[in-house]
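Just follow the structure's listing: the first ligand is 1, and inside any ligand the first atom is 1.
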Amino acid sequence: MNDELAMPYFLTHEETTKESYRAMVEATVKAILDAIADDRAYGGKSPQELQALIERPTLLPPAGLGFDQVLQELESVILPNFLRTTSTDYLAHLHSPALLESICSELIISTFNQSMDSWDQSPIATEVELQVTRFLCSLYGYPMESDGIFTSGGSQSNLSGLTLARDWYCSKALKHDVKKLGLPPSYSKLRIYTSEVSHFSMEKSAHLLGLGYDAVRKVPVDKECRMDSEALEALILLDKEAGLLPFCVVATLGTTDYGSIDPVHALSAICKRHKLWLHADAAYGSGVQLSTQYAHRLGPIAECDSITVDFHKMFLLPISCGAFLVRDGKNLEAFSLHADYLNREEDEEDGYTNLVGKSMQTTRRFDALKVWVSFLVRGQDGYASIIDTCIENAAYLYGQLKKNSAFEVAIEPEISSVVFRLQATCEVNKKVRRLLLHSKGVVIGQTVYENKTFLKFTLLNPLLTHDKLDELLLLIEELGKEIMG
Ligand SMILES: *Cc1c(COP(=O)(O)O)cnc(C)c1O
């Protein structure tokens, strides 16, 4: 019998399988540690170079290669070319490094492979997710009747929010049961309001919900990229006069590019006046709630009917990890449906929760464990210090950019993203970003503001220091000069 055949399938109670598990995990850990030889964010290879590197005759060899050989290939071609999110040279997106203890959580999650659909697939995991969800509802100031569910991230949470909003409005205002009957005859008149710098999952959701992109009304923003609440109300009134059916406003608490925060209080008053659902897309800003100094910047978030929380952004947990919270938990009924083989009604009467009844997904990861572990490990202080550092770094960077005539800044940051550009052509700015990526191992963001190419630093890494930020600005200035000759 060769080694491959000797390799067990699973980790079981048998000692031999435990030894294999330990050996494989240890070898993997060693390979990971060896791959991190310097502090760059990226090795610099182009798409073509990477394609050539992973080229092979087949992905399904007639006989298995065995773990050791495959690990060697991982070590030689894959691991060295990973983007390293923990590097302070990685500042491109709302894409965070993963806290150490959360990597341990991931190992536990995949080792035990619980599925969150029914209690008999995830007994303790179900109870932990329920506990974490209740805690999150209280963290965001929600009342007793609130509820929530873990999701794959912000996009799914936003789709959930818009689904509940549509069903609620159709039931209440049109006396129409969407869940049973599908869209009402007047569906093409339904309108969602969100700012012109909101996340594209609004349009995607509108499409999936059968309403289409045109159902999303883009409300202008002020100079700080926050939704203009007067413009919102004017648009709602205009649309109502035209016979349209406004049903939902989405406040972005932390826009993807600028981190700007829509005025929740004003939007909430408008929603009350016009009987609209208010959803908070706090995929980015939800982390600010853990700051002792800056949490107030989010405004009265508990006034929103539903909230998108993303843990794979400011909370520094591995992908994927998100939650969707609802102020009146009854609205989650939108996702309930009984299957004889899965979530029998009699189970629920006896106290067994089958979480599938609140979720869009069926088979679902135990992502709530990562929140449970990291919240306990870091505590309020630990998280506040992470979030405050990122917010303060952004304020520092903004100050440095304002002082330097080589640069221009879009807006003053409210959270931890800074959008700026070299006072040069768009081409020069674009070239700087490419050069950083392929020859300096530095990965930064790029966007468009007022029709011009801007660069972006998204500061989610608490290891970033003021000195490091100064160094990066200097590098960008020098590259700009080099390009311009
Ligand atoms: C990141 C982001 C999303 C999408 O979240 P995913 O977890 O990537 O699906 C939605 N809204 C905002 C404001 C975001 O920044």
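No donor-acceptor distance shorter than 3.5 angstrom exists from the side chain of Arg297 to the backbone of Ile261, with no hydrogens or angles considered.
Ring-plane geometry between Phe247 and Tyr169 is classed as tilted, the angle between the planes lying from 30 to 60 degrees on a 0 to 90 degree scale.
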Inset, instruction - Please test Asp257 against Tyr284 for side chain to side chain donor-acceptor pair (under 3.5 Å), starting from the C-alpha separation and ending with a verdict. - result: CA-CA 10 Å; Asp257 269 343; Tyr284 182 4; over 6 Å; no

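By the 4.0 Å N-to-carboxylate-O rule, Asp89 lies close enough to Lys468 to be salt-bridged with it. Look at Glu233 and Lys240 and you find no salt bridge, because none of the NZ, NE, NH1 or NH2 atoms lies under 4.0 Å from a carboxylate O. Arg421 has no carboxylate O lying under 4.0 Å from a charged side-chain N of Glu450, or vice versa, which leaves the two without a salt bridge.
When only interatomic distances are considered, the shortest N/O to N/O separation between Ser155 and ligand 1 falls below 3.5 Å. Residue Ser152 places no N or O, backbone or side chain, under 3.5 Å from any N or O of ligand 1. Backbone and side-chain nitrogen or oxygen atoms of Gly154 are examined, and one is located within less than 3.5 angstrom of a nitrogen or oxygen of ligand 1. In terms of polar-atom proximity, defined here as any N/O pair under 3.5 Å, Asp310 does make such a contact with ligand 1. On a distance-only criterion, Thr252 and ligand 1 share no N/O pair closer than 3.5 Å.
If you check which protein heavy atom lies closest to atom 2 (C) of ligand 1, you get Lys313 NZ, 2.2 Å.
Side chains of Glu101 and Ser374: a donor-acceptor N/O pair is present below 3.5 angstrom, by distance only.
Less than 4.0 angstrom separates some heavy atom of Asp281 from each of these atoms of ligand 1: 10 (C), 11 (N), 12 (C), 13 (C). Those atoms of ligand 1 that come under 4.0 Å of a heavy atom in Gly254, given as number and element, are 13 (C). Close approach to Gly153 involves these atoms of ligand 1, each under 4.0 Å from a residue heavy atom: 7 (O), 9 (O). Residue Leu94 has at least one heavy-atom neighbour below 4.0 Å for each of these atoms of ligand 1: 15 (O). Residue-ligand proximity, Thr256 to ligand 1, at heavy-atom distances under 4.0 Å covers atoms 12 (C), 13 (C), 14 (C), 15 (O).
The closest approach between Gly322 and ligand 1 stays at or above 4.0 Å for every heavy atom of the residue. Assignment of Asn158 to the shell around ligand 1 is supported, since a heavy atom sits closer than 4.0 Å.
Proximity of Gln156 to ligand 1, defined as any heavy-atom pair under 4.0 Å, is not found for any part of the residue.
Each of Thr194, Thr308, Thr252 was evaluated against His279; a single residue qualifies, Thr308, per the side chain to side chain donor-acceptor pair (under 3.5 Å) test.
Taking Trp168 as the reference, Trp277 meet the ring-ring contact (aromatic ring centres under 6.0 Å, His included) condition, with sequence neighbours excluded.
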